[in-house]
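Notes to accompany the following structure.
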Number of protein chains: 2
Amino acid sequence: MTWIQDLAAIVEVQTSPACLELHASDVSGHEPVLPEAVAFPGSAREVAAVLGWANQRGVPVTPWGAGTSVEGNPIPRHGGISLSLQRLDRVKELRLPDRLAVVEAGVKYRALNRQLTGTGWQFAVEIGGDATIGGMIANNAAGPKAVKYGSTRAHLLGLEVALADGRLIRTGGKAWKQSCGYNLTQLFAGSEGTLGVITEATVKLTPVPAVREVVVARFSSVREALACVGAMRGLDAGAIEFLDRSYMGFLEEIAADTLFCEFHTPGHGTVAEAICRAGGASSVERAGENLWGARLRAYTASQEANPGARLLTTDTAVPLGAMAEMVEFLQAELADRGLTGYLLGHAGDGNVHVILPWRNTAEWEAVEEFHRAAVRKSLALGGTASGEHGVGMGKGEFLEPEHGAEAVAVMRSLKELFDPRGILNPGKLTAGNHEPRP
Amino acid sequence: MTWIQDLAAIVEVQTSPACLELHASDVSGHEPVLPEAVAFPGSAREVAAVLGWANQRGVPVTPWGAGTSVEGNPIPRHGGISLSLQRLDRVKELRLPDRLAVVEAGVKYRALNRQLTGTGWQFAVEIGGDATIGGMIANNAAGPKAVKYGSTRAHLLGLEVALADGRLIRTGGKAWKQSCGYNLTQLFAGSEGTLGVITEATVKLTPVPAVREVVVARFSSVREALACVGAMRGLDAGAIEFLDRSYMGFLEEIAADTLFCEFHTPGHGTVAEAICRAGGASSVERAGENLWGARLRAYTASQEANPGARLLTTDTAVPLGAMAEMVEFLQAELADRGLTGYLLGHAGDGNVHVILPWRNTAEWEAVEEFHRAAVRKSLALGGTASGEHGVGMGKGEFLEPEHGAEAVAVMRSLKELFDPRGILNPGKLTAGNHEPRP
């Protein structure tokens, strides 16, 4: 195609079938869509040049980090260019006295943390996939540690962003406190590549805790387990995770509603153990790294246990006190509907996922109907359709029910302002649509 | 005036000279400007109605919280309506199991904390003035506790905002994790009433620490004091404040560069004492509430010590490791220029204020020239012109030097989108102008 040859004059482009296929899907069950070309810019200026070029021609551009999204965020739904950030993989600065790192958007968070090993500092967001930091910012990823450290957006000091028209701007800065102008950093964070393409980030570094007391407690009911979470709120918790009996039976063949908790102040693990025992736990134990590994691999494990199936993942987050009601609702709905679904959640944050395998249209319709019921319940409780995965391809229809038509109209006007030709990750977020049925 | 009579048909309006004068200035030294009328809406709907009305007629509207700004944010620079939020003073919900409170914008943060007394929970931002929570959100106030808990924007779950055209929208929600759509909450936070008027906020509640170990250490040099701050970074610090010898001489008649620190984990105060002794402190003591009171009253005390003077307050924040260089620069500049200036800062955050009294045009020019030099130095170090006071009337000229012309162009386009007729707090933030010389 002519436009691909034109594009190749300004950036490295690949169009091999294998490369297109690799950039057609993420780890979600969303329908793959092939891009027409994959661009591999080597610098922020090249990213901006690709956008400026695509904007003039109206060619869609969908940013690609590491493809670890579970919500279809990097799937190039309208074809065009998949814009890989993988060559922007430099850690440009590690400034420990300033507690910050400057990284290009394609740096994976684990790679940054490997570079920080032994310094006593970390980038304190941890998620299941080995995502790029740019991708984590774009959909405001969170994970188990968010209960202490917040979502990715809480770790940002500044960004460099390429705009649809080819401008390259800097937002924020390198100071830990900033109140000078509109917070563009926080506007781009969580915008899922629909307002601009993040090319660089200045992120906060956090002390690695000197102590990690891990407690695993098994319960005979959700309500018991989550009542203990409420009692732990004064403790210095680094994570408070919940996996329900269906997941635990699947992971360990011990069917119990289970809390995985980690504490960073000496003695808080002991307090948590006492809370769990008094709260009716059938077993309470101290555990180590291996259990955490199991927890982080949960999504992959669900996929491996269901070969050939695709997965739908719910991502509701409710007010903290409504977590038990939400989980009990989800369990009852699964039972009523005769569905298989693995429940795991960030109990300290009110965020619960149900991972539902499906293999055909009838199963897809059934799991999607469950998903809609879950979101309706979350919204009724004052919660959200997405706590940490973003809108992506599966949550678009919930934007208006959650925020109201007028707030969504404001969001659409922002999209129109930043991307008037609609080239940036089209068909996502404010598009308000939903994955077409398979 | 006819328009005031029209306005009075939709909202309570006052035009007495005393009322106009009260709403003409804040606690800063910025030139007062009288509004033509002060509106006192009793509900969010009335706020929205006033905006819709003013937007049709092109009448300026400047929101008013408690008038505690030190940067002129609520001064109605172009006259028109001062929109007081004081009647929106209801704490609508205290939901302890959800760790949140829903407050109208005119609720003062101290009033909220009084209602929370004995519950074990707090709204964890503390500043010198008894500000409204709406005002604190609007300029992203921070204060001493921000080193642990972050600025006001870190405490938000959702907002209700009246837009310039009279629409009333809700942003965010009541879940602690949200990644569903553009983060309008964070866009309005820090926008200083120029994009919309915040009418309600859902804020996070934070556990009141069970332990407060307060350490006051005096040093013979800035560099010594701030080197100790670096060594404290692994500790559970609730505040790390710095007051230089000029301020301490003024407050206590003990001229020493002084750290005020607070720790929330038992024993961390003792560790900090050891750090300060090893770091060359001339005295180290444990102290109580009274010292904190003195710290929070610093701004008022500077005013009282200089009757008849107006105050210019700098608000630079630099990368954490550059704090000592910044403070030494400021001290040297004050000495070179023969100026009186009180230095106090949030040492754990790199944020330092110099409070400079002035009485006439010549003095104003001198302190303003110092201010410009301070901001140039901050920007050269990677810092900001404003860490926590906002742009207001005194920082507008620094927006472009800090963010670059293209990022500021993006900010201006946001202003144009949200407020095309320019009725909302005109002459502030993206206006890019500066207080006219007296």
Side-chain angles (χ1 to χ4, degrees), chain A residues 95 97-100 120 139-140 142 146 151 154 167 169-171 173-184 186-187 189-191 207 230 233-234 265 317-321 349-351 382-391 395 398-399 402-404 406-407 410-411 413-414 417 429, chain B residues 95 97-100 139-140 142 146 151 154 167 169-171 173-184 186-187 189-191 207 230 233-234 265 317-321 346 349-351 382-391 395 398-399 402-404 406-407 410-411 413-414 417 429:
Chain A
R95 289 163 54 165
D98 295 331
R99 293 186 59 175
L100 64 83
N139 84 297
N140 190 30
S151 300
R167 279 178 295 169
I169 64 168
R170 289 195 165 275
T171 73
K174 294 187 171 54
W176 270 54
K177 275 167 78 175
Q178 302 172 29
S179 193
C180 189
Y182 302 141
N183 199 308
L184 302 179
Q186 294 296 335
L187 180 60
S191 70
R233 294 236 189 270
T265 293
V318 294
L320 300 179
D349 292 316
N351 185 200
T384 176
S386 177
E388 59 180 8
H389 294 167
V391 174
K395 312 292 191 263
F398 308 122
L399 207 58
E402 180 166 334
H403 295 291
E406 295 204 322
V410 171
M411 293 185 197
S413 68
L414 287 168
L417 177 69
L429 219 148
Chain B
R95 289 164 54 167
D98 295 331
R99 292 185 58 175
L100 64 83
N139 82 299
N140 190 30
S151 300
R167 281 178 294 169
I169 64 168
R170 288 195 166 273
T171 73
K174 294 188 171 54
W176 269 54
K177 275 166 77 175
Q178 301 172 28
S179 192
C180 189
Y182 302 140
N183 199 308
L184 302 179
Q186 294 296 334
L187 180 59
S191 69
R233 295 238 188 269
T265 293
V318 294
L320 300 179
H346 310 297
D349 292 316
N351 185 199
T384 177
S386 176
E388 59 181 7
H389 295 168
V391 174
K395 311 292 191 263
F398 307 121
L399 207 59
E402 179 167 335
H403 295 291
E406 295 205 320
V410 171
M411 293 185 197
S413 68
L414 287 168
L417 177 69
L429 218 147

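Chain letters run A, B, ... following the sequence lines, proteins first, then strands; residues in each count from 1.
Contact count against chain A (heavy-atom pairs under 4.5 Å) is highest for S386(B) among G350(B), A146(B), S386(B). The most heavy-atom pairs under 4.5 Å with chain A, out of R95(B), Q178(B), Q186(B), come from Q178(B). Comparing P319(A), A317(A), P97(A) by how many heavy-atom pairs each has under 4.5 Å with chain B, the most go to P319(A). Of all the listed residues (A189(A), A175(A), A154(A)), the one sharing the greatest number of non-hydrogen pairs under 4.5 Å with chain B is A175(A). Of the listed residues G230(A), G382(A), G173(A), the one with more heavy-atom pairs under 4.5 angstrom with chain B than any other is G382(A). Taking A385(A), A142(A), G181(A), G404(A) one by one and counting their heavy-atom pairs under 4.5 Å with chain B, the maximum is reached by G181(A). Looking only at heavy-atom pairs under 4.5 Å with chain B, the residue among R170(A), E402(A), H389(A) that has the most is E402(A). Most heavy-atom pairs under 4.5 Å with chain B: of the set G383(A), P207(A), S191(A), this distinction falls to S191(A).
Of all non-hydrogen atoms in D98(B) and L320(A), the two that sit nearest each other are OD1-N, 3.6 Å.
Only the side chain of I169(B) has a heavy atom closer than 4.5 Å to any heavy atom of chain A. For V391(B), the parts lying near chain A are the backbone and the side chain together; criterion is any non-hydrogen pair under 4.5 Å. For N351(A), the part lying near chain B is the side chain, with the backbone staying farther off; criterion is any non-hydrogen pair under 4.5 Å. Only the side chain of S151(B) comes within contact range of chain A, with heavy atoms under 4.5 Å apart.
L184(B) is listed as a side-chain neighbour of L414(A), based on a closest heavy-atom distance under 4.5 Å.
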How far apart are the C-alpha atoms of Y182(A) and V410(B), what are their side-chain angles, what is the distance that settles it, and do they pass the side-chain contact (heavy atoms from CB on, under 4.5 Å) test?
CA-CA 9 Å; Y182(A) 302 141; V410(B) 171; over 6 Å; no
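Scored by the salt bridge (Lys or Arg N to Asp or Glu O under 4.0 Å) test, R99(B) finds no partners at all (sequence neighbours excluded). The salt bridge (Lys or Arg N to Asp or Glu O under 4.0 Å) check on K177(B) picks up D349(A), E388(A), with sequence neighbours excluded.
Under a 3.5 Å cut-off, the side chain of S179(A) and the backbone N or O of N139(B) do form a donor-acceptor pair.
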